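Notes to accompany the following structure.
All values reported here derive from a predicted model rather than from experimental measurement.
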Amino acid sequence: AAVASQCRSAEERMTTKVVGAKIRQRAGRGRALMATAEHINRGTAVHYEAPLAMVPISEDAHVRGSSNLGPNGLSLETALAVRLWWLESRDCNLQACAAAQTLIDYSGPDSHLLQQLVTTAAICSLVAVAEKLWLGSAAEAAQMIFAWLSKVRVNAVAVTAVSDKDGDVSTCKVGLALYPELAASVNHDCRPNALLRFVGGMRVELIVASVSGVQLGEELTI
């Protein structure tokens, strides 16, 4: 019952809305978010999405001098990958998990990093089996966790919050999340025309940041 409740909760949170733009194929860019409105003013939110999964920074991460430390002493990337594996293994939000599985994996030239991902996946799978969180083989769990680690490495987004201390406004990292539609459709650019804003600590909004706004047919980038 507890698992079913958490699955329903995850599905209820997974909502995506796009206003004034559509995801289209663009030559040399793959999927891209293109403006369909005649003109989108600066400050307008065109994409809203709740995360498939999100993990917060450890409460004592800043004290320990690390902004990449997640729950239970795991790195944020590992904690997020394990959370995504848990959702998939419990058949939570299968449609969203399937969509996330189409995201690109890490395939960089760093063999040391790839070996690190393999080792991390193996250790996590052995713990899952020992704690009876997984009833299948450790090898199967390791393969699934490795797949999520590879996707998190490339597609996860740092969740930030704005703080104001005596008039000194700054942003700080509060967690790591995976937004499948954002990752699949919004490309990076050296001169982006949009930025990300986080609402309620989790939901992401893509906001037009260009002073002149965005014109019909223009790609939205971050």
Side-chain angles (χ1 to χ4, degrees), residues 1-19 21-26 29-34 46-56 70-71 74-108 114 117-118 120-122 124-125 127-129 133-159 175-188 196 198 202-206 220 222:
V3 169
S5 175
Q6 291 183 50
C7 285
R8 286 195 298 272
S9 178
E11 291 174 351
E12 289 166 0
R13 290 197 302 269
M14 271 301 300
T15 55
T16 304
K17 182 179 180 182
V18 180
V19 180
K22 285 188 177 180
I23 299 170
R24 293 176 174 166
Q25 291 292 327
R26 187 178 180 191
R29 300 278 281 182
R31 292 183 69 181
L33 187 62
M34 310 296 294
V46 295
H47 179 97
Y48 309 78
E49 187 176 354
L52 175 55
M54 183 264 189
V55 292
L74 297 173
S75 72
L76 282 174
E77 287 189 1
T78 300
L80 180 57
V82 170
R83 173 64 177 161
L84 288 161
W85 163 77
W86 189 92
L87 290 174
E88 181 187 21
S89 66
R90 293 321 189 263
D91 293 337
C92 293
N93 208 340
L94 287 176
Q95 184 177 359
C97 283
Q101 289 288 5
T102 65
L103 297 174
I104 62 173
D105 300 298
Y106 175 78
S107 57
L114 284 173
L117 296 181
V118 170
T120 300
C124 289
S125 67
V127 172
V129 171
L133 299 174
W134 175 253
L135 300 180
S137 69
E140 185 182 3
Q143 186 176 16
M144 294 170 67
I145 295 172
F146 174 77
W148 282 117
L149 282 167
S150 296
K151 293 184 189 324
V152 165
R153 183 72 184 181
V154 178
N155 301 285
V157 174
V159 179
L176 192 70
L178 182 66
Y179 302 90
E181 285 297 325
L182 180 75
S185 61
V186 181
N187 296 310
H188 290 277
L196 301 180
F198 298 93
M202 291 183 63
R203 189 183 75 172
V204 68
E205 296 182 348
L206 182 70
L220 289 133
I222 55 176

Review point. For Q101, does the CD atom sit with more than 12 other heavy atoms under 6.0 Å from it, leaving out its own atoms?
Key: yes
Practice item. Please name the residue in the list D105, V82, L178 that meets the side chain to side chain contact (heavy atoms under 4.5 Å, CB included) test with W148. Key: L178
Point to revise | Side chains of V55 and L74 in contact at under 4.5 Å (non-hydrogen atoms) | key: no
Check your understanding: Checking W85 side chain against E88 main chain: does a donor-acceptor pair fall under 3.5 Å?
Key -> no
Check your understanding: Ion pair present between R31 and E181, side-chain N to carboxylate O less than 4.0 angstrom?
Key -> yes
Review point. So do the side chains of V159 and Y179 get within less than 4.5 Å of each other, counting heavy atoms only?
Key: yes
Exercise for review: May I have the step-by-step check of side-chain contact (heavy atoms from CB on, under 4.5 Å) for H47 and T16, ending in yes or no?
Suggested key: CA-CA 7 Å; H47 179 97; T16 304; 3.8 Å; yes
Point to revise | Side chain N155, main chain P180, donor-acceptor under 3.5 Å | key: no
Point to revise | Closest heavy-atom pair and its distance - A156, L80 | key: CB-CD2, 3.9 Å
Point to revise | L196 and V157: CA distance, side-chain angles, deciding distance, side-chain contact (heavy atoms from CB on, under 4.5 Å) verdict | key: CA-CA 10 Å; L196 301 180; V157 174; 3.8 Å; yes
Practice item. Would you check if the side chain of K151 reaches a backbone N or O of L103 as a donor-acceptor pair within less than 3.5 Å? Key: yes
Check your understanding: CG of L182 to CG of L52: how many Å apart, nearest 0.5 Å?
Key -> 13.0 Å
